[in-house]
Amino acid sequence: MQELIATLETQSDPLPGAAFEPAIVAFVCNWCTYTAADLAGTSRMVQSPNVRLVRMMCTGMVDPKYIIKALLGGADAVLVSGCHPGDCHYINGNYKARRRVKLLMEILPRFGIDSRRIKLTWVGASEGNEFAATVNRFAAEIKELGPIDTRRLPLL
Amino acid sequence: MPSRIGVYVCHCGTNIAGRVDSEGVARFAAGLKNVAVARDYKFMCSDPGQDMIIKDIREMGLTRVVVASCSPRLHEKTFQKACQRGGLNPFLFQMTCIREHCSWVVADPVEATAKAKTLVAGAVSRVNEHEELYSRVEAVHPDVLVVGGGIAGIQAALDIARSGHKVHLVERGPSIGGHMTQFDKTFPTLDCAACISTPKMVAVAQEPNINLMTMSEAVEVKGYVGNYTARIRTRPRYINEDRCTGCGLCMEKCPKSVPSEFEEGLAKRKAVHRNSPQSVPNTPVIDPASCIYLVKGKCGACKQNCPSEAIDFEQQESFLDVQVGTIVLATGFDILDPTALTQYGFGRYPEVYTGLQFERLNNAVGPTGGKILMKNGQAPESVAIIHCVGSRDKNQHEYCSRVCCMYALKYDHLIKDKIGHQARVFNFYIDMRCFGKGYEEFYRRVQEEGVTFIRGRPSEVTDQTLSAEEDGKLIVVAEDTLLGRPVRVSVDMVVLCTAMQARRDASEVARIFGISQGQDGFFLEEHPKLGPVSTATDGIFLAGTCQGPKDIPDAVAHASGGAGQALSLAARGEVSISPTVSWINPDICVGCKMCVDLCAYSAIEFDERRKVCVINEAMCKGCGSCAGHCPSGAAQVRHFNEKQIFAELEGLSQNVPLVRQPAGVDHL
């Protein structure tokens, strides 16, 4: 086991002198934030390349285990973003996401994962600029926070 | 059997290839697990690009396809159809966006290429887990429900009925016609509102394909596109529509008078009343809240005098279920109540009117017989018209109500026309917005009639006078922002151009029909530009001001658009329903019923015999509320299931060197 952890440590450690570039997974809903991301693209709003989108139909379908899986699989942070409250394409899926993410933010720190590594935002379909700003802000925050430690966590 | 995946990386001219090394991405993809072929091409969406996919499916026996190009919102359908033409189920396809989310937004070509590779790896990993799915085809009921009988609802109902389809037109009030029947003239042509709206109202009454239900509301809607069942509640009118001849004797004899809603409180009506003699239907209605007989059980003056024995106090509320395929919502707008804006003194000073009240003052059948008179019976010598009351105001509504500038100009003209040129008119405006056909020309005409325009939103309307000249007048205090100095204008009458706002029960209506509201409270269209009449709920369309403030031409055009959309579904007769809905694995479900309450569409039922929850696929919209919550993982959304998401996450995080590299080193 000790050996395994040692190998993992060398793997996950950045190369000497490297600037830390976080890997961020974003679960975004098809109707609002994904559309906003398209709009940000069409409007050529330069964004940090660290965020990779996973298109969901609704944030309400983001099972907390998807977030955990992403974090354990190497993502330094997870963004969940959907329609503004009241605007959900599926009536109230985003409220369900809000509850789940809130619970997750309480539970994950007990396993050594900083709750700042999860973020829930509302970005409407017409808010391309807001999307780009959210991505850049979050990437900067995670750069500040440093790489995730999941590979060294005892629960693995 | 492992899948055989074809990966196609698009250059999109230089849109992608200008930043992302598309060839390099294809070479990288070729090395991924299960990838049989990876190619790059200048325009994948072009015919040769699609043919390339079709040929590879047929000749190389591909079982999965991934395209890395623009957003799936643009071309997912294009490529799905190409797969289908090649003989592959369209759901064995995955698209990843390396244009909007990559080449256009990542500045550095190395980083952009690395991100594109990551996204492709995610898509390739995910597509392995895709399953064949088949869309259902459902019949569309040919009838249409139109909710709301204002000008938009009338237009939509007539358009649909004239195509030969049956329309159920539901109107909450006693007559159709809506707000337009309250107006006097319409801008900019100064057509008389009644002259142009009443023929349409009569056409509705005479149209055999329209089932007009007044005093009625939709209280419950069940079903899905093509097969809606709407429960219509009809309140009693207390007058038998079949017997009533509309003679109006009951209204003459009724002893009880109350303020009239139709006259915006400026006049009284009887307990048995009708908006105007041109109402459709022209049967009066007895208001149960003010009728002496219905309240106290004594009176019956109308009943004794009715020559056709039409009065029926025994009428009860009734319910009717109608089957329709599509629904057009035309529920209209409310006028903002300016009482809350206390600085303008509405309700405090009798000579402060709302725009709609002023319409009634101008209307020939209104309280003053069409003369602009103050409450003392005199014509005003000067009138101030305050624009943007509650509109363009962060404290009320941020949006522009779009009609006020124009009806204010109409009032300017009418005041000059009816009272005479000596009448002074002052417009307090923020910006003049005269955007429609013939609107700017009308603005110019009114300017030339000698109307004063003062740019500035008044801070208050007061009767606190500073000089003898101001005595007995209302003083509008404002800043003239063009002159940069404060002004005090004393006038006899003030008209407030109050904002159009969403109906006060819009949220209830949205809930009944399963649609959403925007932040301004109006119903949310599917797309602000390219889907302004459809909603996110298939088969439910919007018409007129329930979607946002509109003038009459726009409301009518919007309604015709909604009618056209409803008709295209009704005329086709069938609709294809996406198979990407939820499914609960009965072998895993423990019957906890958590999902039943979570489902916003009541699409989950509990099977008492098997003790498991079951999805009604016809009702399910595929939102995944159940899948996101299910503690045992039994509920899964097809095409977005756990395996597929996990595979995508694995693809995104593995295979590709994480971008943790020394700056400036090209590791690719």
Side-chain angles (χ1 to χ4, degrees), chain A residues 12 14-23 25 27 30-31 34-35 37-50 52-66 69-70 73-75 83-84 86-93 96-97 100 124-126 132 135 147, chain B residues 70-74 97 99-108 111-112 114-115 118-119 122 507 511 514-519 524 527-528 536 580 582 598 600-601 621-630 633 637 639-640 642 645-646 648-650 652-654 658-663 665:
Chain A
S12 63
L15 296 175
F20 166 58
E21 287 294 340
V25 169
F27 294 99
N30 178 55
W31 307 99
Y34 198 86
T35 314
D38 282 2
L39 181 62
T42 317
S43 319
R44 310 293 201 278
M45 289 166 177
V46 174
Q47 296 155 36
S48 151
N50 309 73
R52 298 90 200 260
L53 301 193
V54 177
R55 179 162 77 129
M56 308 298 279
M57 293 313 283
C58 178
T59 48
M61 65 161 63
V62 180
D63 191 320
K65 64 179 175 261
Y66 298 169
K69 169 86 179 173
C83 311
H84 285 281
D87 282 356
C88 180
H89 182 84
Y90 299 106
I91 302 173
N92 53 19
K96 293 160 186 160
R100 285 171 200 154
S126 57
V135 162
Chain B
C70 50
S71 168
R73 293 172 51 85
L74 284 176
C97 174
R99 192 179 74 174
E100 283 85 345
H101 302 173
C102 194
S103 71
W104 278 351
V105 295
V106 180
D108 177 55
E111 283 181 343
K115 183 173 180 185
T118 315
L119 293 172
S507 58
R511 191 192 56 76
I515 59 169
S516 343
Q517 292 170 276
Q519 275 171 321
L524 197 65
H527 188 277
T580 60
S582 199
L598 276 177
Y601 301 97
K621 312 271 187 218
C623 72
S625 287
C626 51
H629 193 90
C630 183
V637 181
H639 209 55
F640 287 90
E642 187 179 289
I645 304 297
F646 274 19
E648 183 167 357
L649 290 173
E650 278 163 15
L652 287 177
S653 59
Q654 297 167 0
L658 290 173
V659 202
R660 294 172 193 177
Q661 303 296 332
V665 177

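Worth knowing before you read on, the calculation uses all heavy atoms, side chains too, and leaves out hydrogens, waters and symmetry mates. Lettering of chains follows the sequences in order, A, B, ..., and the numbering in each one begins at 1.
Interface remark: A/T35 contributes backbone and side-chain atoms alike to the contact with chain B (heavy atom separation under 4.5 Å). In this structure, chain B has heavy atoms under 4.5 Å from both the backbone and the side chain of A/V54. Proximity to chain B (any heavy atom under 4.5 Å) is restricted, for A/C88, to the backbone atoms N, CA, C and O. In this structure, the portions of A/Y34 lying under 4.5 Å from any heavy atom of chain B include both its backbone and its side chain. Heavy atoms closer than 4.5 Å to chain A are found in both the backbone and the side chain of B/L598. Only the backbone of A/M45 comes within less than 4.5 Å of a heavy atom of chain B; no side-chain atom from C-beta onward does. Only the side chain of B/E648 comes within less than 4.5 Å of a heavy atom in chain A; its backbone stays farther off. B/V106 touches chain A through backbone and side chain together, each having a heavy atom under 4.5 Å away. Interface remark: A/R100 contributes side-chain atoms only to the contact with chain B (heavy atom separation under 4.5 Å). Interface remark: B/A627 contributes backbone atoms only to the contact with chain A (heavy atom separation under 4.5 Å). Using a 4.5 Å cut-off between heavy atoms, A/A125 does not touch chain B at all.
Heavy atoms only, all atoms of each residue included: B/K115 and A/P49 are closest at CD-O, 3.6 Å. The shortest non-hydrogen separation linking B/G633 to A/K65 is CA-NZ, 4.4 Å. Nearest heavy-atom pair across A/Y66 and B/L649 is O-CD1, 3.5 Å. Contact record, B/Y601 with A/H89: OH-O, 3.6 Å, taken as the closest heavy-atom pair.
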inquiry  = Apply side chain to side chain donor-acceptor pair (under 3.5 Å) to residues B/H629 and A/D63 and explain how you reach the verdict.
reply    = CA-CA 6 Å; B/H629 193 90; A/D63 191 320; over 6 Å; no
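Counting heavy-atom pairs closer than 4.5 Å to chain A, the top-ranked of the candidates B/G122, B/S625, B/C102, B/S516 is B/S625. Of the listed residues B/K621, B/E642, B/H639, B/Q517, the one with more heavy-atom pairs under 4.5 angstrom with chain A than any other is B/E642. Among A/A37, A/C58, A/G93, A/S43, the residue with the largest count of heavy-atom pairs under 4.5 Å with chain B is A/A37. Comparing A/V25, A/T59, A/N30, A/V135 by how many heavy-atom pairs each has under 4.5 Å with chain B, the most go to A/N30. Taking chain A as the reference chain and counting heavy-atom pairs below 4.5 Å, the highest number among B/A107, B/G622, B/C630, B/S582 is found for B/G622.
Looking only at distances, a side-chain donor or acceptor of B/S653 sits under 3.5 Å from a matching main-chain atom of A/G73. For the pair B/E100 (side chain) and B/S71 (backbone), a donor-acceptor distance under 3.5 Å is present.
The shortest side-chain heavy-atom distance between A/M56 and B/V637 does not fall under the 4.5 Å cut-off.
Considering only residues two or more places apart in sequence or on other chains, B/S103 meets the side-chain contact (heavy atoms from CB on, under 4.5 Å) condition with B/I16, B/R19, B/V20, B/R99.
In this pair, A/Y90 and A/W31 present their aromatic rings perpendicular. The plane angle is above 60°, beyond the 30 to 60° band.
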